[in-house]
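For ligands, and for the atoms within them, numbers begin at 1 and follow the listed sequence. In this text, all values refer to a predicted model and were calculated from it rather than measured experimentally.
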Amino acid sequence: MTASATDAPAPDSPSAASGSNFIRTIIDADLQAGRHAGRRWAGQPDVAQAHRAGTIDPARIRTRFPPEPNGYLHIGHAKSICLNFGLALDYGGRCHMRFDDTNPEKEEQEYVDSILDAVGWLGFSWNSGDEDNLYYASDYFEHFYLMAEWLVTAGHAYVDSQDADAIRANRGTLTEPGRNSPFRERSPAENLALLREMRAGRHPEGSHVVRAKIDMASPNMNLRDPVLYRIRFAEHHRSGDTWCLYPMYDYAHPIEDALENITHSICTLEFEDHRPLYDWLLERLAEGGFFDPPLPQQIEFARLNPTYTVTSKRKLRELVQAGLVDGWDDPRLPTLVGLRRRGYTPEAIRTFCERSGVSKANSWIDIGALEGALRDDLDDKAARAVAVLDPLKLVITNWPAGHVEPCEAPVHPKQPERGKRQFPISGELWIEREDFAEHPPKGFFRLFPGNRVRLRYGYVIECTGFEKDADGQVTAVQARYFPDSKSGTPGADAYKVKGNLHWVSAPHALDAEVRLYDRLYLEAQPEAEGRDHKEALNPDSRRVIQARLEPTLASAGPEDRFQFERHGYFVADRFDSKPGAPVFNRTVTLRDSWGARK
Ligand code: ATP
Ligand code: MG
């Protein structure tokens with residue numbers, strides 16, 4: 001893997017967006033050759049005999065998104081979702097939502113529910129026309145079994161009774177061929193009898209496995225009589241204890257694809273060396289009459305690897321289980337539930353996935369590209385509001401006692417049709433602590449003794465003094481205001497000032513919890529040089545503060561998004577916000593200042 005993001009096409013290059021990529025080139029050629037035109041479809045997944053009795057498949061292509069329900073989806077899965085569902089939409093095809101739930105031990109209904117929710121949230125649907133393409137590989141257990149019976153009968157597979165250690169030891173290495181199992185020449189009749197006993201639960205775990213009979217000397221280790229089936233006395237989240245035989249991924253996946261009439265089976269690069277096995281198995285099963293050509297075609301592409309991120313369910317689970325984050329939907333995680341809670345929009349995630357392109361070579365993509373896609377989307381969508389995150393009291397000494405008056409600001413500076421918002425000004429305000437300096441550094445245009453600034457949407461003021469506590473900490477600032485300087489009134493422009501401060505009226509401000517999230521890792525490649533990713537965690541990835549907000553924000557509902565002027569984009573937390581009392585999460589800052597801070 002290289003440390004560059006240069007493999008991904010630039011956002012404006014023709015191969016980004018809906019432009020071309022090598023997968024589209026393959027699909028275009030297949031369609032032009034009419035390769036899939038004669039396929040028939042039974043209306044549901046099934047073997048060839050049933051499909052032959054169906055109609056011509058209304059889908060020009062079929063793709064699938066096949067997660068294992070053993071964790072929450074992350075940004076890497078979003079890439080696969082966008083690709084598979086996107087291709088189906090573009091080509092008049094269908095994309096199947098398929099749970100690859102053939103491993104009984106690690107799978108749970110909770111994950112199934114969250115995955116369905118995430119795919120829908122991203123904006124995709126497995127319902128198309130009159131088809132509802134939601135499938136579970138566990139519904140194919142009988143098919144897997146019957147095909148295994150045929151494979152042993154036809155001499156393409158055998159029951160091996162070596163234990164796991166012996167199987168491993170006899171597999172050979174990249175430079176040495178493997179050794180044939182002493183059970184390799186069992187007769188088809190003996191294999192079939194054993195297989196039936198295995199199904200009946202008459203043999204303990206580990207006592208036998210079913211292996212394909214291919215070639216123990218193959219230079220491709222995956223073809224050295226791979227294990228297809230094993231015994232597990234485990235409770236499955238859908239099929240219960242009906243089965244004690246469970247298929248391996250390499251056996252199950254091609255069959256799942258073929259049963260579902262998948263034309264293009266898109267997976268990540270690490271499966272490239274498995275493709276010969278995928279093809280071998282489907283060719284044998286086609287000979288057995290289970291499937292008709294054209295058989296599904298496996299196509300590999302590079303995983304999405306954003307910097308400052310880990311994209312592996314196992315590693316994300318480590319963080320959750322060690323309590324290093326607050327659950328799967330912690331806003332710092334790259335899970336889709338985490339990104340959603342952080343304030344990411346489905347549109348931004350889709351744009352990022354498109355812009356990141358489809359490549360044949362693994363590389364890192366700058367997480368800044370995801371944040372950039374988000375800023376592009378939120379700049380248009382988010383209403384503006386004022387927030388003082390680190391409040392310092394400002395007293396206007398010549399303000400008429402008890403006087404309060406409204407100020408007006410646009411909801412969105414580029415969208416006048418969204419109207420105006422109003423908030424009060426009074427003689428006591430909160431300003432940002434960093435907007436005042438007792439001794440201004442060179443080029444500081446904000447508030448300091450004797451200097452004039454404009455209170456955004458309000459008046460011009462001049463700093464007349466300040467107070468400090470015993471520790472030398474500034475506790476309040478005094479200023480006088482110019483009554484004829486109010487923004488939007490005639491003559492206000494006569495005041496020429498360089499600084500423009502945001503503020504909220506102290507007696508009217510909304511006090512709210514604001515969570516300032518930052519990147520979860522300090523290192524672009526959290527696992528570089530063999531490091532445990534947990535050692536690269538950013539200790540300051542979350543800071544919780546009590547901020548003073550524009551009073552209009554009291555009516556913000558869950559997932560309402562705002563640009564807090566000068567600070568960044570924020571979202572009202574989906575779960576912790578209460579009516580009248582929103583809690584805000586910082587989604588992203590206005591600019592990418594990460595490099596500058598380090
Ligand atoms: P993990 O290692 O996080 O468990 P996985 O690949 O084992 O990931 P699956 O549930 O099997 O997870 O994945 C479902 C689909 O999503 C697969 O087709 C897989 O190739 C794809 N996918 C997973 N991670 C990425 C990624 N980082 N980039 C692109 N596609 C991905
Ligand atoms: Mg996996």
Participant: Would you say Tyr249 and Glu256 are linked by a side-chain donor-acceptor pair, where the criterion is simply a distance under 3.5 Å?
Facilitator: no
Participant: Would Lys315 count as a contact of ligand 1 if the rule is a heavy atom under 4.0 Å away?
Facilitator: no
Participant: Is there a donor in the side chain of Asp57 and an acceptor in the side chain of His36, or the other way round, less than 3.5 Å apart?
Facilitator: no
Participant: Do Tyr308 and Asn538 pair up side chain to side chain, a donor and an acceptor below 3.5 Å, judged on atom types alone?
Facilitator: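 No - no donor-acceptor pair under 3.5 Å links their side chains.
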Participant: Tell me whether Phe271 reaches ligand 1 (any heavy atom closer than 4.0 angstrom to a ligand atom).
Facilitator: no
Participant: Return the SG to CZ distance between Cys244 and Arg199, rounded to the nearest 0.5 Å.
Facilitator: 9.0 Å
Participant: Report the relative orientation of the aromatic rings in Tyr111 and Trp328; use parallel for angles under 30°, tilted for 30 to 60°, perpendicular for over 60°.
Facilitator: perpendicular
Participant: Indicate yes or no: does an N/O atom of Gly76 lie under 3.5 Å from an N/O atom of ligand 1?
Facilitator: yes
Participant: Side chain or backbone, does His74 bring an N or O within less than 3.5 Å of an N or O on ligand 1?
Facilitator: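 For ligand 1, there is an N or O atom that lies under 3.5 Å from one belonging to His74.
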Participant: Can you list the ligand 1 atoms lying under 4.0 Å from a non-hydrogen atom of Thr268?
Facilitator: 20 (O), 29 (C), 30 (N), 31 (C)
Participant: What part of Arg314, side chain, backbone, both or neither, has a heavy atom within less than 4.0 angstrom of ligand 1?
Facilitator: neither
Participant: Can you tell me how far apart CG (Leu370) and CD1 (Ile75) are? Round to the nearest 0.5 Å.
Facilitator: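 It is 5.0 Å, given to the nearest 0.5 Å.
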Participant: Any nitrogen or oxygen of Leu304 lying under 3.5 Å from a nitrogen or oxygen in ligand 1? Just yes or no.
Facilitator: yes
Participant: Establish, from distance only, whether the side-chain atoms of His533 and Tyr521 form a donor-acceptor pair under 3.5 Å.
Facilitator: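 There is such a pair (donor and acceptor under 3.5 Å, judged by atom type) between the side chains of His533 and Tyr521.
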Participant: Using distance alone, determine whether Lys79 and ligand 1 share an N or O pair under 3.5 Å.
Facilitator: no
Participant: If hydrogens are left out, which of Glu300, Glu68, Arg303 has an atom nearest to atom 6 (O) of ligand 1, that is, the closest non-hydrogen atom?
Facilitator: Arg303
Participant: Using a 4.0 Å cut-off to any heavy atom of Ser312, which atoms of ligand 1 qualify?
Facilitator: 3 (O)
